[in-house]
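Below is one structure; the comments refer to it alone.
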Amino acid sequence: MRFAILVTEGPHGHQATDSALAFAGAVLERGHQLPQVFFYGDGVLNANRLSAPPAGERHPVRGWSRLAAEQGVELLICANAALKRGVREATLAPGFRIVGLGQLAGMLVAADRLITFGA
Amino acid sequence: MSLLHMVAASPFTHRALEACLARWSDGDALLLMEDAVAAALDGAVTPLPGNGPVFVLLPDLVARGLAARPLRHGATPVDYGGFVDLAARYDGSVSWF
């Protein structure tokens, strides 16, 4: 089955990102497809490569980049939400791409299931 | 169309669970996760759906030190794999904030 995930919360204010990452891993472990994850609103803060938690602390930005590198999952972030929050091409973590909302529509049309993580 | 309702916010601070129950239909299921797992504990007085299955995300119970506590009658713990299975089994999902 083809899954899509929408993340609307930032990586450090709430558990939503951790839940989304764990769910994404489980989707792939179960043998389903997860072509894309879309980040909207404060969710675009997950794409900030300048995020540098102290050693030993959870590092969600790196978690997403790893998912992209190891599983080929596309990480799409909303252009307007990103601009608003100072997330630019130059600050994107590996695996993330800035796109328009049309890409979100495309992801929704192509997916069998959409799961939203936010707060 | 059967729905998996996902509630993550604590029932003590948010009205997400009540909002969800107000839109409940026969055949739907509820997944309590994150801070909402408190609603699945035995003795909790927050409302649950009168009909339909209730699931609770076990890793979120564990993270809060609540895994050893008895659950309310009818609440079934699931791991993330079980969460994925639920998402696949129901026609759609709604995340209540």
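Keep in mind the model is a prediction, meaning the values are calculated, not measured. Chain A is the first sequence line, chain B the second, and so forth, proteins listed ahead of strands; every chain is numbered from 1.
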Does [X] reach the side chain of [Y], with side-chain heavy atoms less than 4.5 Å apart?
{"X": "A:Glu29", "Y": "B:Val84", "value": "no"}
{"X": "A:Gln15", "Y": "B:Met33", "value": "no"}
{"X": "A:Phe117", "Y": "B:Met6", "value": "yes"}

Tell me the closest heavy-atom pair linking [X] and [Y], and the distance in Å.
{"X": "A:Phe23", "Y": "B:Ala87", "value": "CZ-CB, 4.1 Å"}
{"X": "A:Ala26", "Y": "B:Gly81", "value": "CB-N, 4.1 Å"}
{"X": "B:Ser95", "Y": "A:Thr116", "value": "OG-O, 2.6 Å"}
{"X": "A:Arg113", "Y": "B:Ala88", "value": "NH2-O, 3.0 Å"}

More than 12 non-hydrogen atoms from neighbouring residues, nucleotides or ligands closer than 6.0 Å to [atom1] on [X], yes or no?
{"X": "A:His32", "atom1": "NE2", "value": "yes"}
{"X": "B:Arg64", "atom1": "CZ", "value": "yes"}
{"X": "A:Tyr40", "atom1": "OH", "value": "no"}
{"X": "A:Arg62", "atom1": "CZ", "value": "no"}
{"X": "A:Arg58", "atom1": "CZ", "value": "yes"}

Q. Picking from B:Leu57, B:Asp85, B:Val94, which has the most non-hydrogen pairs under 4.5 angstrom with chain A?
A. B:Asp85
Flag yes if [X] and [Y] sit in one hydrophobic cluster, no otherwise; membership is Ile, Leu, Val, Met, Phe, Trp, Tyr, and two members link when side-chain heavy atoms are under 4.5 Å apart.
{"X": "A:Val37", "Y": "A:Val61", "value": "no"}
{"X": "B:Tyr80", "Y": "B:Leu61", "value": "no"}
{"X": "A:Leu21", "Y": "A:Leu92", "value": "yes"}
{"X": "B:Leu4", "Y": "B:Leu32", "value": "no"}

Q) Is it the backbone or the side chain of A:Ala22 that comes under 4.5 Å from a heavy atom of chain B, or both, or neither? A) both
Q: Measure distances from A:Leu114 to the heavy atoms of chain B and classify the residue's part below 4.5 Å as side chain, backbone, both or neither.
A: backbone
Q: Examine whether an atom of B:Ala8 lies under 4.5 Å from a heavy atom of chain A, and if so say whether it belongs to the side chain, the backbone or both; otherwise answer neither.
A: neither
Q) Checking B:Ala9 against chain A: side chain, backbone, both or neither under 4.5 Å from a heavy atom? A) neither
Q | Separation between CZ of B:Phe97 and OG1 of A:Thr8, rounded to the nearest 0.5 Å | A | 4.5 Å
